[in-house]
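Below is one structure, written out as structure tokens, with a few remarks after it.
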Amino acid sequence: MALSSLNTSRLINAGIPGPRAADLLDRDQKVFAPCMGRVYPFVMERGVGCEVWDVDGNRYLDFNAGIAVVSAGHSHPQIVRAIQEQATRFIHMAATDFYNEPMVTLGEKLVATMPRAYDWQVFLANSGTEAIEAAIKLARYATGRQGIIAFFGGFHGRSYGALSLTASKPVQRRSYFPLVPGTFHAFYANPYRPPFGVDPSRVTEACLSYIEDTLFRTVAPPHDIAAIVVEPIQGEGGYVVPAPGFLCGLRRLCDQYGILLILDEVQSGVGRTGTMWAFEQECPSHASGACAVCDCVQPVGCVPDILATAKGLGGGVPIGAIVARKALTSLWAPGSHGNTFGGNALACAAANEVIDLVRNELSANAARVGAYLMRGLRDLQQRCEVIGDVRGRGLMIGVEFVNDRKTREPAPALAQRVMEEAFRRGLLILTCGASTIRLCPPLVLTEAQVDEGLAIFEEALRSSLS
């Protein structure tokens, strides 16, 4: 394997964590439960755009964005200004009982992002987990059914309802049983690692058939299933883009059996994939206006019944939401669901700015710069046998490491070493799936920053292989 000769002078220093960071790590360990499981000793002091500095003055390029949260970059001036101005008026007034203009404006903006062929309404929450919980409750309430189908490799949160759908890593579920009954799991149409050993060209057919011919005919009668919950691109499961036709095939199954389709866009939404929502890139149409794969006629993409969003929506401020068809939300009686902090004025003020930024410029930047980053990674893949797959859309990109390209045996230890070495050289990245590095930088990323990040990434890889 040939890697280009690079200058490794970017190594920050051998003393990471520095003295201030080491002190804070010690203080942290004394007062915080260890369940969060931090991955390396980065202690943030400040950030601007795609750059962050630790408490000892070391500068890093951020290709993580707080796990796809800081969508408009760190400390974006418009978001900071909106939060400051709102804080001078009021910070909170419980939206469960009262009203406020930032919340109403946000609802209007979220509805405006959805296909206009349908009427939509919004419920605001505080996180992706809460959004998923709301989606589950609405689906059960509106259909009168109890069953929920999710997918192996999926991640939907850590509270009991969301955790019952999550099937990413055993550590996330271990010692928490029994979970919520009536949940079932199917196989995600992963074209790089097809289930059942089928040819990648048949992975969509095989995964849909498993639901219809196995689940529906054995343990999950379709007329008892309220919803199918799926990520348009699996996040924690490995940044997996599904095989063509998978999502619209799920839409067809849902329509056939009266099941609701819930799209978890907590990580893939809000411009990250180059469009406002990842679902907009599914169901490619042919001349008739119907999908070339499933023959459904949709106004745009694979349209959900309920969409869950969070992470990038607040640009760093905690907020989540569901956007659902009004035919469903109109059935939700007053008092049947609610929370205290949903619709918080500061969070809504931030989210209003994020949506404007994403729709006006950042989704387009994610598409353009994401394509540039993808080309650089695929060039590296050509020169490096341990990179088995490079996949993604926009600025949601996964690089999967393998021990052998033919067997596709995962290389988790290598992915871990690359992540740690990148950190030591000034690049923040995270792993996901079995052996994948996820790249989810702020949507303000520039091509110059891509070049810098790719150089560090290659240095980290070369060091990890030596």
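One finds a salt bridge joining Glu282 and Arg393 here, because a Lys/Arg side-chain nitrogen approaches an Asp/Glu carboxylate oxygen to under 4.0 Å. Between Arg405 and Asp389, no side-chain nitrogen of the basic residue sits less than 4.0 Å from a carboxylate oxygen of the acidic one, so the salt-bridge criterion is not met. Remark: Arg193 engages Glu400 in a salt bridge, criterion side-chain N to carboxylate O under 4.0 Å. The existence of a salt bridge linking Arg59 and Glu452 is confirmed by a sub-4.0 Å separation between a basic side-chain nitrogen and an acidic carboxylate oxygen. Between Asp356 and Lys109 there is a salt bridge, since at least one side-chain N of the basic residue sits less than 4.0 Å from a carboxylate O of the acidic one. Salt-bridge check for Arg375 with Asp379: failed, with every basic side-chain N at 4.0 Å or more from each acidic carboxylate O. In summary, Arg81 and Glu353 do not engage in a salt bridge, as defined by a charged side-chain N under 4.0 Å from a carboxylate O.
The side-chain contact (heavy atoms from CB on, under 4.5 Å) test applied to Ala189 returns Val203, Thr204, Cys207, Ala243, Phe246, not counting sequence neighbours. A search for side chain to side chain donor-acceptor pair (under 3.5 Å) contacts involving Tyr239 returns Gln267, not counting sequence neighbours.
Considering SG of Cys348 and CD1 of Ile319, their distance stands at 4.5 Å, rounded to 0.5 Å. Atom-to-atom distance recorded for Leu165:CG and Ile228:CD1 is 12.0 Å, nearest 0.5 angstrom. To the nearest 0.5 Å, atom SG of residue Cys254 and atom CD1 of residue Ile262 are 9.0 Å apart. Here the straight-line distance linking atom OH of Tyr60 with atom CZ of Phe42 works out to 6.5 Å at 0.5 Å rounding.
For OH of Tyr141, the number of neighbouring non-hydrogen atoms (other residues, nucleotides, ligands) closer than 6.0 Å is greater than 12. Within a 6.0 Å radius of CD in Glu45, more than 12 heavy atoms belonging to other residues, nucleotides or ligands are found.
Smallest separation of non-hydrogen atoms from Gly154 and Gln234: N-NE2, 3.3 Å. Residues Tyr40 and Ile429 come closest through the heavy atom pair OH-O, 2.9 Å.
Taking the ring centroids of Phe63 and Phe457, they lie at or beyond the 6.0 Å cut-off.
Residues Thr105 and Glu108 bring no donor and acceptor atom of their side chains to less than 3.5 Å of each other. No donor-acceptor contact under 3.5 angstrom links the side chains of Ser75 and Arg46, judged on distance only. Checked by atom type, the side-chain pair Glu231/Tyr188 shows no donor-acceptor distance below 3.5 Å. Between the side chains of Thr329 and Gln121, at least one donor N or O sits under 3.5 Å from an acceptor N or O.
Aromatic ring pairs are classed by plane angle as parallel below 30°, tilted from 30° to 60° and perpendicular above 60°; the pair His92 and Phe341 is tilted.
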